[in-house]
2 protein chains.
Amino acid sequence: MLNKTRGRPRGNPDTRARIAKVARELFLKHGYPGTTVRAVAAAAGVDSALISYHFGSKQGLFSQSLNLLCVDPTALDQALRGDQAGLADRLLDSVTDLWDATVPAENQMAVQDDDTMRALRDYLDGELRLRIAEFLDGPDATQRATAAVGVLGGLIFTRYLNPIRSIGGLSPADVRRVFGPALRAALHGRPRRA
Amino acid sequence: MLNKTRGRPRGNPDTRARIAKVARELFLKHGYPGTTVRAVAAAAGVDSALISYHFGSKQGLFSQSLNLLCVDPTALDQALRGDQAGLADRLLDSVTDLWDATVPAENQMAVQDDDTMRALRDYLDGELRLRIAEFLDGPDATQRATAAVGVLGGLIFTRYLNPIRSIGGLSPADVRRVFGPALRAALHGRPRRA
DNA sequence: AGCATTATTCAACTGTGTTGAATAAAACCC
DNA sequence: GGGTTTTATTCAACACAGTTGAATAATGCT
């Protein structure tokens, strides 16, 4: 396509990094299905086969270029160390801190990628829920932790994955204000008996 | 492909309905990208072009065969009529009533369809949020309604769209128990002042 | 009966992700 | 420092996806 003389190029240009960079931008701008491997290749000035070579597959390109986390692990560690009263706010902050940085507001990404969904699911249901349950430690701790990940999942979903205006438009402080009561109730409220 | 003599068939078989039925099953079982138009056509014993003819496009097939609603409108009307105390429970029930019926538990659908996402978003942000705000009517009513759709969106997301085990496995009664405190706080709690 | 409409298959087109062969620079070895 | 292996790249092609246009046969209308 682009007659760039076959074979290895001069110098050692980090083509892989360049591809990852433009891929990241395109994925955030157009979403997963809306971004074609060929478009990424063209934007990086490279043959599309090179992407399979470096990243294995389109899914590989996606996860390796975007590497999304749900919550910054160190932020979570800190959130799970302070007093119980401020826990909700700290959790909310650790979500907005990470996602607001990686998913800029104007790039409304409708993430539609299997691997990402799976990763998010596993993280919410596994790590996050268990850590919260352990921190809460009281009667109904696991049930309350489940409620909490439900609320946090709702925040992630309605603000980043399928952003609805009235929530996507909030500032991080607003998020604390709006989601605070619900999350506090989920964490500390008493689920009614069966 | 299947030598079924060209042209219109004898009788008036409702082929369109048959296609919609098998499409629904396949979409629920394999998700949107995992279901090919050709596979639906094959399962319905029909040429794939017929699907474009009847439904316009794959997206059309999806929305018209699955026609998802977020909340049953009449159920919502009833939920928004009773006393404030039971509102949270009634809202939760109207979600589980509809979705548990249309998305059977074993069919974990990871909905990844643009139109559906858009519809869900518009519904949550428009209709549902406004109706709730109007019903609440007090100071911060819109802010509390926003929080409520955040929580309900979380339920829909973590139970149906990207179902995590600890929430997908709950009975509708459990859902009331687990999400009740958070939703009640969202609806009636006082958001802290700025 | 005749004509327009509708439902269907077939063949083809474009675009997508991926793979195998060819090629040239870099890295390693003795 | 020359020879070999490894790595990075382009090119050509494949298989499959969704969609479209033409051909065809049954139905419905007048």
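All chains are named by letter (A, B, ...) in the order of the sequence lines, taking the proteins before the strands, and each is independently numbered beginning at 1. Quantities reported herein were computed from a predicted structural model and do not represent experimental measurements.
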Can you tell me how far P of dT8(C) sits from CZ of Phe55(B), to the nearest Å?
11 Å

d(NZ, Lys58(B); P, dA17(D)) in whole Å:
9 Å

If you count every heavy atom of other residues, nucleotides or ligands that lies below 6.0 Å from Arg165(B) atom CZ, does the total exceed 12?
no

Rounded off to whole Å, could you give me the CD1-to-P distance for the Ile19(B) and dG18(D) pair?
14 Å

Under 30°, 30 to 60°, or over 60°: which ring-plane class applies to Phe27(B) and Phe62(B), parallel, tilted or perpendicular?
perpendicular

Given that Gly56(B) and Gly11(B) both sit by DNA chain D, which one's nearest nucleotide is further toward the 5' end?
Gly56(B)

Atom CG of Asp47(A) and atom P of dG20(C): how far apart are they, to the nearest Å?
16 Å

Look at the side chain of Arg38(B) against the base of dG18(D) and say whether a donor-acceptor pair falls under 3.5 Å; ignore hydrogens and angles.
yes

Determine: side-chain N/O of His54(A) to OP1/OP2 of dT9(D), distance under 4.0 Å, yes or no.
yes

Looking only at side-chain atoms of Ala49(A), point me to the closest of dG20(C), dT8(C), dT27(D).
dG20(C)

With the side chain defined as heavy atoms from C-beta on, Leu50(B) is closest, among dT9(C), dT10(D), dG17(C), to dT9(C)

From the list dT20(D), dT9(D), dT18(C), which nucleotide is the closest neighbour of the side chain of Ser52(B)?
dT20(D)

Tested for side chain to side chain contact (heavy atoms under 4.5 Å, CB included) against Thr146(B), the lone hit among Ile164(A), Val178(A), Thr158(A) is Val178(A)

Is a donor on one side and an acceptor on the other found under 3.5 Å between the side chain of Arg38(A) and the backbone of Ser48(A)?
no

Side chain of Pro13(A) - closest among dT9(D), dG17(C), dG18(D):
dT9(D)

For dG17(C), does OP1 or OP2 lie under 4.0 Å from any side-chain N or O of Ser48(A)?
no

Nearest-angstrom distance from the residue atom CD1 of Ile51(B) to P of dT20(D):
14 Å

Below the 4.0 Å mark, does dT9(D) have OP1 or OP2 next to a side-chain nitrogen or oxygen of Thr15(A)?
yes

Closest nucleotide among dT9(C), dA26(C), dT16(C) to the Arg10(A) side chain:
dA26(C)

In terms of side-chain heavy atoms, does Ser171(A) have a donor or acceptor partner in Asp174(A) at a distance below 3.5 Å?
yes

Can you measure Tyr32(A) atom OH to dT16(C) atom P for me and round it to whole angstrom units?
14 Å

Check the distance between dA26(C)'s C1' and Arg16(A)'s CZ and give it to me in whole angstrom.
19 Å

Within less than 4.0 Å of OP1 or OP2 of dT6(C), is there a side-chain N or O belonging to Arg8(B)?
no

Is a donor on one side and an acceptor on the other found under 3.5 Å between the side chain of Arg16(A) and the backbone of His54(A)?
yes

Does the base of dT23(C) carry an N or O that pairs as donor and acceptor with the side chain of Arg6(A) under 3.5 Å?
no

5' priority, DNA chain D, between Thr36(B) and Asn12(A) [closest heavy atom]
Asn12(A)

For Asp14(A) and dA26(C), what is the distance between atoms CG and C1' respectively, to the nearest whole Å?
15 Å

